[in-house]
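Notes follow the structure.
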Number of protein chains: 2
Amino acid sequence: MNEALNFAKELLKLRGLKQTSSRLQILSAIKEYNAAIPYSELQDTVIADRSTLYRTLNTLIDEGLIHKAKTEPNDTYYAMCGHECSSNSHSHQHLHFQCTICKRVTCEYLQDEIKIRLPNHQISSVEINAQGVCKLCVAV
Amino acid sequence: MNEALNFAKELLKLRGLKQTSSRLQILSAIKEYNAAIPYSELQDTVIADRSTLYRTLNTLIDEGLIHKAKTEPNDTYYAMCGHECSSNSHSHQHLHFQCTICKRVTCEYLQDEIKIRLPNHQISSVEINAQGVCKLCVAV
DNA sequence: TCACAAATGCAACAACGATGCATTTAAGAA
DNA sequence: TTCTTAAATGCATCGTTGTTGCATTTGTGA
């Protein structure tokens with residue numbers, strides 16, 4: 001009946017990856033968190049050596065299962081990727097939003113695509129981080 | 001005849017700040033670099049204790065003289081602010097661009113302003129980081 | 001030249017992130 | 001089910017970034 005765990009197992013099977021303890025724990029934790037999960041939360045939750053945690057996170061990123069979000073001043077968050085990501089390419093049509101009140105970090109998809117042009121530059125990737133007040137905290 | 005040093009002195013005088021050794025060194029170094037300067041470069045260049053370097057950088061940021069740019073995966077750069085910044089507010093109508101070839105980080109001002117709207121969110125600040133190939137490396 | 005607040009150097013500490021190496025484990029083959 | 005093997009893990013260790021407390025030094029204005 002552990003929904004997040006089943007999700008993690010399915011996802012690993014689908015991508016042809018080993019179902020190791022740390023992978024299952026990490027993916028479950030992210031799934032259950034319902035927002036980008038802070039590294040410290042993973043550290044507290046996942047039962048594994050710190051080096052294993054880092055290595056596994058990097059593996060999952062390389063495989064296109066999760067991605068990283070950085071916030072000011074210095075925190076790292078992890079979130080699930082969509083189906084469009086793979087070990088070949090991460091393509092994220094979203095930005096990362098951090099609420100200055102509750103500190104939650106979420107992936108927000110935009111209706112209008114953002115085009116950025118710089119004369120004489122070839123832009124290959126753009127990363128957008130926004131800060132403000134989220135819909136839950138606005139209501140208060 | 002040291003232009004960058006004179007610039008640093010003038011800037012500090014203009015803002016009513018003490019002309020200390022680390023401030024002058026840092027501002028001169030940034031001015032001379034002609035791009036956002038990596039922290040490691042400051043570390044190698046500025047003759048001061050590491051803690052002084054950090055404290056002074058934070059002071060200059062607080063006073064609105066410089067600002068920080070972060071790049072993937074984990075580097076911090078520092079650049080001059082425009083006149084519009086002060087100890088009260090940093091307002092940056094630009095993005096940070098890092099060339100994947102020469103690694104230089106520059107502040108790039110956009111002609112068309114970017115508006116980002118998220119339903120039910122109050123956005124207070126937006127930070128944009130772009131990666132690609134700069135005009136110098138494109139030519140090669 | 002003096003006084004004082006501010007800046008500095010030094011020491012120590014914490015967190016993040018990486019790596020080498022021996023051991024354990026997941027998963028497919030026999 | 002058992003065996004095999006590559007991959008994953010734990011442990012030890014290292015380096016960098018960033019912070020803080022405290023005694024000493026320095027810049028500036030009187």
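All heavy atoms count here, side chains included; hydrogens, waters and symmetry mates do not. Within every chain, numbering begins at 1; the chains are lettered A, B, ... in the order of the sequence lines, protein sequences first and strands thereafter.
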Spacing of L12(B) atom CG relative to dG29(D) atom P, expressed in whole Å: 13 Å
Value in whole Å for how far the C1' atom of dA26(C) lies from NZ of K13(A): 14 Å
S21(A) side chain near dT9(D) phosphate (N/O to OP1/OP2, under 4.0 Å): no
Sugar-phosphate only, base, or nothing, as touched by T56(B) at under 4.0 Å among non-hydrogen atoms: sugar-phosphate
S22(B) side chain near dT8(C) phosphate (N/O to OP1/OP2, under 4.0 Å): yes
Any Y54(A) side-chain nitrogen or oxygen under 4.0 Å from OP1 or OP2 of dA18(C): no
Distance below 4.0 Å between N58(B) side-chain N/O and dT19(D) OP1 or OP2: yes
Atom pair distance, as rounded to whole Å: CD1 in I61(B) and P in dT19(D): 10 Å
OP1 or OP2 of dG18(D) under 4.0 Å from side-chain N/O of T76(B): yes
Hydrophobic cluster identity match, Y77(A) and I128(A), side-chain contacts under 4.5 Å: no
pair S22(A)-T52(A): side-chain heavy atoms closer than 4.5 Å: yes
Value in whole Å for how far the P atom of dA18(C) lies from CG of L53(A): 11 Å
Test item: R23(A) side-chain N/O and K18(A) main-chain N/O as donor-acceptor pair under 3.5 Å: yes
Note, V126(A) side chain near N129(B) side chain (heavy atom, < 4.5 Å): no
5'-most by nearest nucleotide on DNA chain C - T52(B) or D49(A): T52(B)
Six-ring centre of Y78(A), K68(A) cation under 6.0 angstrom, axis tolerance 45°: no
Any T20(A) side-chain N or O less than 4.0 Å from OP1/OP2 of dT25(C): no
Whole angstrom value for the distance that separates P of dA6(C) from CG of L60(B): 16 Å
Residue met sooner reading DNA chain C from 5', once Q19(A) and R55(B) are mapped to nucleotides: R55(B)
Phosphate OP1/OP2 of dT17(D): any Q43(B) side-chain N/O under 4.0 Å: yes
Check: Q131(B) main-chain N/O paired with Q98(B) side-chain donor or acceptor under 3.5 Å: no
Quiz item: R50(B) side-chain donor-acceptor pair to dG18(D) base, under 3.5 Å: yes
Atom pair distance, as rounded to whole Å: NZ in K70(A) and P in dT17(D): 13 Å
Sugar-phosphate, base or nothing in reach of S51(B), heavy atoms under 4.0 Å: base
Gap between atoms NZ and P, on K18(A) and dT9(D) respectively (whole Å): 8 Å
5' priority, DNA chain D, between T59(A) and D75(B) [closest heavy atom]: T59(A)
Nearest-neighbour nucleotide for the N74(A) side chain, dG18(D), dT26(D), dA6(D) considered: dG18(D)
Whole-Å gap separating C1' (dT17(D)) and CD (E41(B)): 17 Å
